[in-house]
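FYI, side chains are in, hydrogens and waters are out, and symmetry mates aren't considered; it's all heavy atoms of this structure. Counting starts at 1 for both ligands and their atoms, in listed order.
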Amino acid sequence: MPASNQHSKYKRILLKLSGEALMGDENFGIDPKVMNRMALEIGQLVGIGVQVGMVIGGGNLFRGAALSAAGLDRVTGDHMGMLATVMNALAMRDALERSNIPTRVMSAIPMTGVVDDYDRRNATRYLEQGDVVIFSAGTGNPFFTTDSAACLRGIEIDSDVVIKATKVDGVYTADPMKDPTATRYSHLTFDEALEKQLGVMDLTAICLARDHDMPVRVFNMNKPGALANLIVGGDEGTVIDNNEAVGEQYAE
Ligand SMILES: Nc1ncnc2c1ncn2[C@@H]1O[C@H](COP(=O)(O)OP(=O)(O)OP(=O)(O)O)[C@@H](O)[C@H]1O
Ligand SMILES: O=c1ccn([C@@H]2O[C@H](COP(=O)(O)O)[C@@H](O)[C@H]2O)c(=O)[nH]1
């Protein structure tokens, strides 16, 4: 039986991990140290009774847009990107199960014998019994991203929040990797994020979350303990929601 969730702000979360951040200090692939650390941090959440659904990106392996720019057919490139997310999901399942956390991988593209087909009702049952469920192969459709898949699955499984784990501390006034003077928001609304075209999430994902009133939190997955802090209500990263009364707030 899952443990009590009395210390968590959320009962059920959809955690989206950046594929690119899984590379660690390398230029391609998966750094096992990053995987193992994330597995430990996710295990802490499961331990306090949080139901964890996950989507993992594929940017450490393939992105359709980049393959297309290199001359590949775009749809083929997107299929390769979605298959990359299945590989990341398998690696994450392995890391979680080595930490004794029961984990299911479902795929939006049927892959009999490798992973389960995506099924919302089964996913919900697994989450209720305390298993981590990783939703792989994105939405199953080209021209989307795993941010959209995360918002879509989060809405479908009735998650309390979509938590985007990335390489930066939250949403900034500009890309902090390119502009060192950028300032971090602690809170902003979806409409403000859309209006300012802040690049941390794609617009389709933001619109989907806004229209279904699904709050999104963005935090730095390279900061040890940040995920647990966010879950117990700590002031971590950036909150994006429809709360106009709070509106645009900057971090101190
Ligand atoms: N206004 C902004 N605030 C924060 N980050 C931003 C902003 N604009 C662009 N970014 C960039 O967006 C990146 C977040 O994207 P990330 O790589 O986590 O997601 P992704 O591309 O969806 O994942 P994947 O690596 O799996 O493809 C950050 O590393 C940051 O450099
Ligand atoms: O629904 C989806 C999700 C993803 N893709 C393709 O996969 C790669 C990797 O995903 P990231 O979100 O960039 O990490 C993406 O670039 C797309 O090519 C997709 O086609 N449909």
> Given R184, R63, M177, which one has a non-hydrogen atom that is nearest to atom 24 (P) of ligand 1?
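Selected option, by shortest heavy-atom distance: R63.
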> Should D78 be counted as touching ligand 2, given the test is an N or O pair under 3.5 Å?
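Yes, D78 has an N/O under 3.5 Å of an N/O on ligand 2.
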> Ignoring hydrogens and angles, state whether a donor on the side chain of N36 or R98 is under 3.5 Å from an acceptor on the partner side chain.
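The criterion, which ignores hydrogens and geometry beyond distance, is satisfied for R98 and N36.
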> Which bit of A174 is near ligand 1, meaning a heavy atom under 4.0 Å away: side chain, backbone, both or neither?
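Answer for A174: backbone.
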> Do any nitrogen or oxygen atoms of L17 come within less than 3.5 Å of a nitrogen or oxygen of ligand 1?
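No: no nitrogen or oxygen of L17 is under 3.5 Å from one in ligand 1.
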> Check the hydrophobic clustering (I, L, V, M, F, W, Y; side-chain heavy atoms under 4.5 Å; chains of links allowed) and say if I163 and M221 are grouped together.
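I163 and M221: one cluster.
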> For a side-chain hydrogen bond (donor to acceptor under 3.5 Å, both in side chains) check, start with the C-alpha distance between N88 and N60, then their side-chain angles and the critical distance, and finish with the verdict.
CA-CA 9 Å; N88 285 335; N60 55 324; 2.8 Å; yes
> Is the shortest distance from a heavy atom of V171 to ligand 1 less than 4.0 Å?
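The answer is yes, since V171 has a heavy atom less than 4.0 Å from ligand 1.
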> Which residue in the set R217, K164, K9, K223 passes salt bridge (charged side-chain N to carboxylate O under 4.0 Å, His left out) when paired with E236?
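Among the candidates, only K223 passes.
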> Nearest non-hydrogen atom to atom 7 (O) of ligand 2 belongs to which of G138, G81, G77, G19?
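The nearest heavy atom belongs to G81.
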> Of the listed options (E20, K167, K196), which comes nearest to atom 29 (O) of ligand 1 when hydrogens are ignored and any heavy atom counts?
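Going through E20, K167, K196 one by one, K167 has the nearest heavy atom to atom 29 (O) of ligand 1.
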> Do any heavy atoms of K16 fall under 4.0 Å from ligand 1?
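K16 counts as a contact of ligand 1 under the 4.0 Å cut-off.
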> For atom 15 (O) of ligand 1, which of M23, Q197, M201, K164 has the closest heavy atom?
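That would be K164.
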> Can you pull out the closest protein heavy atom to atom 14 (C) of ligand 1? Residue, atom name and distance to 0.1 Å, please.
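For this ligand atom, the closest protein heavy atom is T166 OG1, 3.3 Å.
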> Begin with the C-alpha distance, continue with both residues' side-chain angles, and end with the deciding distance and a verdict on side-chain hydrogen bond (donor to acceptor under 3.5 Å, both in side chains) for Q51 and Y126.
CA-CA 9 Å; Q51 297 178 15; Y126 295 145; over 6 Å; no
> Report the distance from atom OG of S159 to atom CZ of R153, rounding to the nearest 0.5 Å.
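Between atom OG of S159 and atom CZ of R153 there are 13.0 Å.
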> Under 4.0 Å, heavy-atom basis, I'd like to know which part of N141 is in contact with ligand 2: side chain, backbone, both or neither.
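The answer is the backbone.
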> For the 3.5 Å polar cut-off, considering only N or O atoms, please tell me whether P142 and ligand 2 meet it.
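N/O-N/O distance under 3.5 Å: no.
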> When you measure from atom 4 (C) of ligand 1 to each heavy atom in G170, G199, A205, which option holds the nearest one?
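Minimum heavy-atom distance to atom 4 (C) of ligand 1 goes to G170.
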> Would you say L198 and D175 make side-chain contact, with heavy atoms under 4.5 Å?
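No, their side chains stay 4.5 Å or more apart.
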> Backbone or side chain, does any N or O of T85 fall under 3.5 Å from an N or O of ligand 2?
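Such a contact does not occur with ligand 2.
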> Below 3.5 angstrom, do we get any N/O pair linking A149 and ligand 2?
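So ligand 2 has no N or O lying under 3.5 Å from an N or O of A149.
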> Any chance the side chains of D179 and T181 put a donor and an acceptor closer than 3.5 Å?
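Distance-only check passes for D179 and T181.
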> Is T139 in polar range of ligand 2, meaning some N or O pair under 3.5 Å apart?
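Checking ligand 2 against T139, an N or O pair does fall under 3.5 Å apart.
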> Checking D202 against S148: is there a side-chain donor and acceptor pair closer than 3.5 Å?
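Note: S148 and D202 side chains meet the donor-acceptor criterion.
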> For atom 31 (O) of ligand 1, which candidate among V218, D175, D147, T85 holds the nearest heavy atom?
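Heavy atom nearest to atom 31 (O) of ligand 1 belongs to D175.
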> Using a 4.0 Å cut-off to any heavy atom of F62, which atoms of ligand 2 qualify?
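In order of number, 8 (C), 9 (C).
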> Do D241 and H187 pair up side chain to side chain, a donor and an acceptor below 3.5 Å, judged on atom types alone?
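Looking only at side-chain atoms, H187 and D241 do form a donor-acceptor pair, the distance falling under 3.5 Å.
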> Which word best sums up how the rings of F28 and F62 line up, parallel for under 30°, tilted for 30 to 60°, or perpendicular for over 60°?
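F28 and F62: perpendicular rings.
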> Which bit of K178 gets closer than 4.0 Å to ligand 1, counting heavy atoms only: side chain, backbone, both or neither?
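Contact part for K178 vs ligand 1: neither.
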> If you measure every N or O of G57 against every N or O of ligand 2, does any of those distances drop under 3.5 Å?
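It does not: no N or O of G57 is found under 3.5 Å from an N or O of ligand 2.
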> Do you know which two heavy atoms are closest between M111 and L83, and how far apart they sit?
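Taking every non-hydrogen atom into account, CE-CD2, 3.7 Å.
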